[in-house]
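So the structure is just underneath, and the comments pick up after that.
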Amino acid sequence: MPERAGSAKRIAVIPGDGVGKEVIPEAVKILKAAASKGGRELALTEFDWGADRYLRDGTTLPADAVEMFRRDFDAILLGALGDPRVPDNRHAADILLGLRFKLDLYANERPCVLFDSRLTPLKSRAEKEVNFYVIRENTEGLYAGMGGFFKKGTPDEIATQEDVNTRKGVERIIRYAFEFARRRGLKRVCMSDKSNALTYGHNLWTRVFAEVRREYGDVEASHMYIDNLLLQMVRDPSQFQVIVTCNLFGDIGSDVGAGLIGGLGLAPSGNIHPGQVSLFEPVHGSAPDIAGKGIANPMGAALAAGMMCEFLGWAAEAKSIEGAVRAAIGEGKTTPDLGGSFTTKQVGEWIAGRVAAHS
Ligand code: ATP
C-alpha cells in the first residue's frame, strides 16, 4: 500500500444487512478510538448498499463502484449481506462476490486464534494450541459461478457447477501462504486439497505446491486431504500454523476453525490483494435469527477492523484492538453467544474505551 505522507486513510464502510448494521457501527467506534489514540487520520465514507436499498430501487453494486474503490479508497469495511426478503440473495452475490472478483481479492485470510481457553469446545486446550490461519483462495474454484441447468424443473434435470482452477490462481495463493508464514515468523504451511478424487483440478494444486515449496526451504511444507484436515483440526489443532486451500474448502474449514475459537461472532477475515484496495469483514453472515435484538457479537467485526489496520500499516492500532478484545473476553464483557449479558453496543463501547485508555 503506497503511503501518502500526511494524508488520511480512506475507508469505505458498508454495514449491509441484518446484524451487519449493528456490529459495524461498533467496529467503526473502535477503529476511530484506535486511530485517534495513535494520532492517525481516517476518512470514512458510508455506503447504504444492502437489501433495503435493493428492494427500494434495485441497486446492488453500482457500475462505477469498482473503479471508484480502486481510485478513491485504501480499504473497505463490510458487515454482512443477506436478507430473508431477497430469497435468492441476488444483491449479496452482486455486492460481495462482485467486489471479491472484480477487485481480484484473491487471498482470504481467516485467523483462528483462541483468545481464552474457556471458549473452545475442545477439552483441555490452552490458548496457544489453537492458533492458526486459513488462507482461502477467493476468486475461483467452485465459486466462479460457471455452470448451468439443462431441462430445469423436469425429472430429467441436470445441473452442473464447474470447478475452476487456473495455474496463475493456484500459484499465487500458495505463494501468498508461504510469504504470509515468513512475514509472521511461522514455520509450517499445510496445503489441503482432494487430489485423490478431484484428479484434474486438484492435481494442479499438488503439482504447483510441490514446485513452490522448493523456494521456501525455511518453511516446513505438508499436505493433507481435506477430510483428514478437518478431522485433524478438531483432534489436534496445535499442529497447524498456516493452512492454504481452495475456495470451497477454505469456506468450510474456516467455519470449523471459528467453532474452535468460540463461534462465528468472534471470527474476522480479510479479502486481500496485496498493494491494492482490500476488503475486511467478520466471517459471520447477516444472522437474521438474532438481527435487531442488539445481541450480536461485534468482536468479529472489530477484529476485522484490526486486520484492516495491519493491512494499512498501522501495526500498533491493530495490536491495540486485538488486546482490547482479549481483555473484554477475559473480563466477561461479552454478548450472550460468549456467555455474557452485554449488548452489542455495550461491548463496542467497552472495547473502544479500553483502546482509548491503553497504549
Ligand atoms: P451466510 O450464509 O451469510 O454466511 P449463515 O446463514 O451461514 O450466513 P450466519 O448469518 O453467520 O449464518 O449465522 C449462523 C449462526 O451464527 C446463527 O445462529 C447466528 O445467530 C450466529 N451468529 C452469526 N453472527 C453472529 C454474531 N455476530 N453474534 C452472535 N451470533 C452470531
Side-chain angles (χ1 to χ4, degrees), residues 14-30 49-52 54 60 77-100 108 110-112 115-116 119-121 134 136 138 142-143 145 247-271 279-307 321 325 328-329 332-351:
I14 310 172
D17 298 326
V19 297
K21 288 197 270 199
E22 300 168 53
V23 297
I24 288 300
E26 302 314 315
V28 166
K29 216 178 272 171
I30 294 162
W49 305 336
D52 286 343
Y54 174 62
T60 58
L77 182 64
L78 177 98
L81 291 157
D83 188 299
R85 293 171 299 165
V86 187
D88 61 358
N89 274 324
R90 154 92 205 281
H91 69 298
D94 273 14
I95 299 169
L96 184 56
L97 296 183
L99 288 174
R100 279 185 188 164
N108 193 330
R110 297 187 162 196
C112 298
F115 285 166
D116 191 307
L119 295 179
T120 183
V134 176
R136 162 188 175 187
N138 213 26
L142 275 159
Y143 290 51
N247 211 334
L248 176 67
F249 297 167
D251 190 2
I252 298 168
S254 57
D255 266 30
V256 175
L260 298 179
I261 61 164
L264 276 177
L266 252 182
S269 74
N271 300 263
L279 183 153
F280 298 82
E281 57 176 338
V283 169
H284 64 76
S286 58
D289 56 334
I290 57 164
K293 297 185 177 157
I295 55 167
N297 187 346
M299 290 174 172
L303 292 167
M307 289 178 77
I321 293 177
V325 170
I329 295 169
K333 315 291 186 200
T334 60
T335 42
D337 57 309
L338 298 189
S341 57
F342 268 37
T343 63
T344 308
K345 207 159 173 256
Q346 286 172 322
V347 172
E349 272 162 10
W350 195 93
I351 296 172

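When a residue number appears, it is its place in the shown sequence, counting from 1. On a predicted model such as this, the values are computed, not experimentally measured, just so you know. As the structure lists them, so they are numbered: ligands from 1, and atoms in each ligand from 1.
- Among all non-hydrogen protein atoms, the one lying nearest atom 30 (N) of ligand 1 is I290 CD1, 3.6 Å.
- Residue S286 has at least one heavy-atom neighbour below 4.0 Å for each of these atoms of ligand 1: 10 (O).
- Side-chain contact check for D94 and Y54: no donor-acceptor pair (N or O, by modelled atom type) lies under 3.5 Å.
- Taking a distance limit of 4.0 Å, we find that atom 7 (O) of ligand 1 is approached by no protein heavy atom.
- Listed for the S286 side chain is no donor-acceptor partner under 3.5 Å among the backbone atoms of G18.
- Atom numbering of ligand 1 starts at 1 in the shown order; those under 4.0 Å from a heavy atom of H284 are 11 (O), 23 (C), 24 (N), 27 (N).
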* To do: In sequence, state the C-alpha distance, the side-chain angles, and the governing distance for D52 and R85, and then conclude on side-chain contact (heavy atoms from CB on, under 4.5 Å).
  => CA-CA 9 Å; D52 286 343; R85 293 171 299 165; 2.7 Å; yes
* To do: For I351 and M299, run side-chain contact (heavy atoms from CB on, under 4.5 Å): C-alpha distance rounded to whole Å, both residues' side-chain angles, the deciding distance at 0.1 Å, then the answer.
  => CA-CA 9 Å; I351 296 172; M299 290 174 172; 4.1 Å; yes
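- Shown in contact with L264 at under 4.0 Å from a heavy atom are these atoms of ligand 1, numbered in order with element: 11 (O), 14 (C), 16 (O).
- Among protein heavy atoms, atom 9 (P) of ligand 1 sits closest to G285 N, 3.5 Å.
- At distances below 3.5 Å, not a single donor-acceptor pair connects side-chain atoms of N271 with backbone N or O atoms of F280.
- Of all the heavy atoms of A80, none lies under 4.0 Å from any atom of ligand 1, so neither backbone nor side chain is involved.
- Ligand 1 has no nitrogen or oxygen under 3.5 angstrom from a nitrogen or oxygen of A296.
- Closest approach of I24 to G79, counting heavy atoms only: CG1-CA, 3.4 Å.
- Here the heavy atom of the protein found nearest to atom 18 (O) of ligand 1 is D289 OD2, 2.9 Å.
- Closest protein heavy atom to atom 21 (C) of ligand 1: A287 CB, 4.6 Å.
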* Asked: Please walk me through it: do R110 and D251 pass side-chain contact (heavy atoms from CB on, under 4.5 Å)?
  -> CA-CA 9 Å; R110 297 187 162 196; D251 190 2; 4.1 Å; yes
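- The protein atom (non-hydrogen) at minimum distance from atom 27 (N) of ligand 1 is N297 O, 3.1 Å.
- Of all atoms in ligand 1, numbered sequentially from 1 with element shown, those under 4.0 Å from a heavy atom of D337 are 29 (C).
- Both the sub-6.0 Å distance and the 45° axial angle are not jointly satisfied by R100 relative to the ring of Y143.
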